[in-house]
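For reference, the structure discussed in these notes is given below.
Side chains included, hydrogens not; waters and symmetry mates left out as well; all remaining heavy atoms used.
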Amino acid sequence: MQGMTPDFQKRQMPAASLIIAASVAATGLLVTLVSKAMGNRKAASTPPANAPAPEAPPAATPKPAA
């Protein structure tokens, strides 16, 4: 920034502030969307607390030796 005049730097401050504010807002929105998506995925994969327990698969019976 040494080659920039003080007048030019003053004119760039509002634009820089807007860019930073937009970046922070976009990051917040992205974090919110990702956390909601992960929360929905987690909720869909775990059964409700009052749901009956899934049945255990039948145990394999060993084959008799020939």
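Rounded to the nearest 0.5 angstrom, Asp7 CG and Gln12 CD are separated by 10.0 Å. For the atom pair NZ (Lys36) and OG1 (Thr32), the distance works out to 7.0 Å, reported to the nearest 0.5 Å.
Across every non-hydrogen atom of Gln9 and Met4, the tightest pair is NE2-O, 3.5 Å.
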